[in-house]
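Step one of this worksheet: look at the structure below.
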Protein chains: 2
Amino acid sequence: MPREGQAVISILRDKIVSGVFPAGERLAEIPTAELLGVSRTPVRIAFRALAQEGLLIKLPRRGYQVRKVTNDEILGAVEVRGVLEGLAARQAAEKGLTEDTRVQLAECLKNADAIFEKGYLTEEDIEQYNVINKQFHDLIINASGNPAIQSAMQLNEHLPFASVNALVFNPKQLDREFRRFNFANMQHHVVFDALLKQQGARAEAVMKEHAHATLSQVDLCESPDSRTCNPSK
Amino acid sequence: MPREGQAVISILRDKIVSGVFPAGERLAEIPTAELLGVSRTPVRIAFRALAQEGLLIKLPRRGYQVRKVTNDEILGAVEVRGVLEGLAARQAAEKGLTEDTRVQLAECLKNADAIFEKGYLTEEDIEQYNVINKQFHDLIINASGNPAIQSAMQLNEHLPFASVNALVFNPKQLDREFRRFNFANMQHHVVFDALLKQQGARAEAVMKEHAHATLSQVDLCESPDSRTCNPSK
DNA sequence: ACCCCATTTTTTGGATCCAATAATTAATTA
DNA sequence: TAATTAATTATTGGATCCAAAAAATGGGGT
């Protein structure tokens, strides 16, 4: 049965990103292995990999700890995402889109527009939009033809949004979410337009600004110190 | 004796970066373990880590392979380095330097200047300059106060320069190397000036351009296809 | 002679075992 | 009673073992 391997990493990553293992939580190999019903070996490998991704911090002889992400770190990661995806958009524009990529991007935009047409959002809509959103961004990164961008984004992928995912999906703020997501979607259209017209600088600028849209209306925790958005315990 | 662990990763990384394991070389666990005189376990861990870093490619049931880096990938990685270090410089300028950082940066520049004063370069000079150069760049990344930049740079750190290191240290071109390194050093002075004056946009622009200085005068392999600079076999 | 199936071999990944080290606790002494 | 030292415990990391899966090779059949 336990013919898995890579699965342990995904399971643990999910538990960290989703907050089941809150920030600051200490993780030891043996309890985690027992929890998952596997031996220590795959857990050891997973801990190392997640530490390399930046989700876990290694404590000398005290196991691992779920990394606390401060608001400043989230804002910093958003800046990094901005310059990297901005670069991707510029290079994609300069290279010019392939017919295939153009069609797929247009498809993404059409599907996203359909979500916003009815004028309000449900939780399922947001989940659906997030899938389309990721597709759109991945397509542009691929269209840049620069694999180093993908590598650099990898670490950024899960890290900063672990703590804000809960806020993004806050069902109490669905009306505010609508305006924010709709704005982000319109920025997608502008980026697409710049890509079609091969306007590299414009594509870069809009994409860079777009990175901030993910968070602009989200209430981060108020305190400016190192409190986390995922308060442990 | 084998109380090492992390060492195996470093040893293998060195062998890959320095070209002892040339690009395209296939690596299996058992021969590598025997070569290093350790068991398979640390080699397995090292292979996984190096694959995560992007130095190795995992082949389904055929072991690992040293990643081939094409010229286009190197140029792409230089672009990524440019936007990331450009961001670091901008944020460092906007925040303003601490007294401590200012002193350390000035020290770096003074030491670097001393190398170029005699008007020519030896191989030892280049090695020494590379150490100072790394210090300078690391100081600015730290001064940005944005840990996400460091994370994103990590993958970029070894990957693209594995194949060009041999060219950079080519002792036959020491006269050309002098002009190139001296130019890079002067760009450092401009970046430092921008940081002192808290000119974020200027610091970003110069640093972004500076990333290209690493390669601008280096002869990359001529062919535009997927030949590597580190031809295997 | 060629193709397909079976067997063997190679390789990977998980489980368990063992050694070493650091931390914590208890005991003894001042 | 407090501090220091020793002992025990907990935890990590390497080595070895085992099982599963895929690839390669060999044999048999058409």
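Lettering follows sequence order; numbering is per chain, from 1.
- Put simply, CG on B/L59 is 12 Å from P on C/dG13, counting in whole angstrom units.
- B/I11 places its CD1 atom 12 Å from the P atom of D/dG14, with the value rounded to the nearest Å.
- In this view, A/E99 and A/R102, A/V103 satisfy the side-chain contact (heavy atoms from CB on, under 4.5 Å) rule, not counting sequence neighbours.
- Residue pairs meeting the ring pair (Phe, Tyr, Trp, His ring centres under 6.0 Å) criterion with at least one member in residues 48-67 of chain B, sequence neighbours excluded, are B/F47-B/Y64.
- Residue-to-nucleotide contacts include no donor-acceptor pair under 3.5 Å from the side chain of A/R44 to the base of C/dG14.
- Between the CG atom of B/L27 and the C1' atom of C/dT12 there is a distance of 15 Å, rounded to whole Å.
- In this entry the distance linking CD1 of A/I45 with C1' of D/dG13 reads 12 Å, nearest Å.
- Comparing C/dA15, C/dC17, D/dT16 against the side chain of B/S39 picks out D/dT16 as the nearest.
- Proximity note for A/K58 (side chain, C-beta onward) versus C/dT16, C/dT12, D/dT12: the nearest is D/dT12.
- Across C/dT16, D/dG13, D/dT16, the shortest atom-to-atom separation from the side chain of A/E29 is found for D/dG13.
- Rounded to a whole Å, the CZ atom of B/F47 is 11 Å from the P atom of C/dG13.
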Which atom pairs link the protein and nucleotides 7-11 of chain C when you take only N or O atoms and keep those under 3.5 Å?
unit_1 : atom_1 : unit_2 : atom_2 : d
C/dT11 : O2     : B/R61  : NH1    : 3.2

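- Protein atom CG of B/L36 is 15 Å distant from nucleotide atom C1' of D/dA15, rounded to whole Å.
- Atoms CZ (B/R40) and P (D/dG13) sit 19 Å apart, rounded to a whole Å.
- Residues satisfying the side chain to side chain donor-acceptor pair (under 3.5 Å) criterion with A/Q104, sequence neighbours excluded, are absent altogether.
- Counting only heavy atoms from C-beta on, A/R48 has its side chain closest to D/dG13 among C/dA15, C/dG14, D/dG13.
- Separating the CD atom of B/Q65 from the P atom of C/dT12 is a distance of 14 Å, rounded to the nearest angstrom.
- Here B/T101 pairs with B/T98 under the side chain to side chain donor-acceptor pair (under 3.5 Å) rule; sequence neighbours left out.
- Panel note: side chain A/Q65, backbone A/R26; no donor-acceptor pair is recorded below 3.5 Å.
- For A/R40, the salt bridge (charged side-chain N to carboxylate O under 4.0 Å, His left out) partners two or more places apart in sequence, or in a different chain, are A/E29.
- With B/N130 contributing its side chain and B/I126 its backbone, the two residues share a donor-acceptor pair below 3.5 Å.
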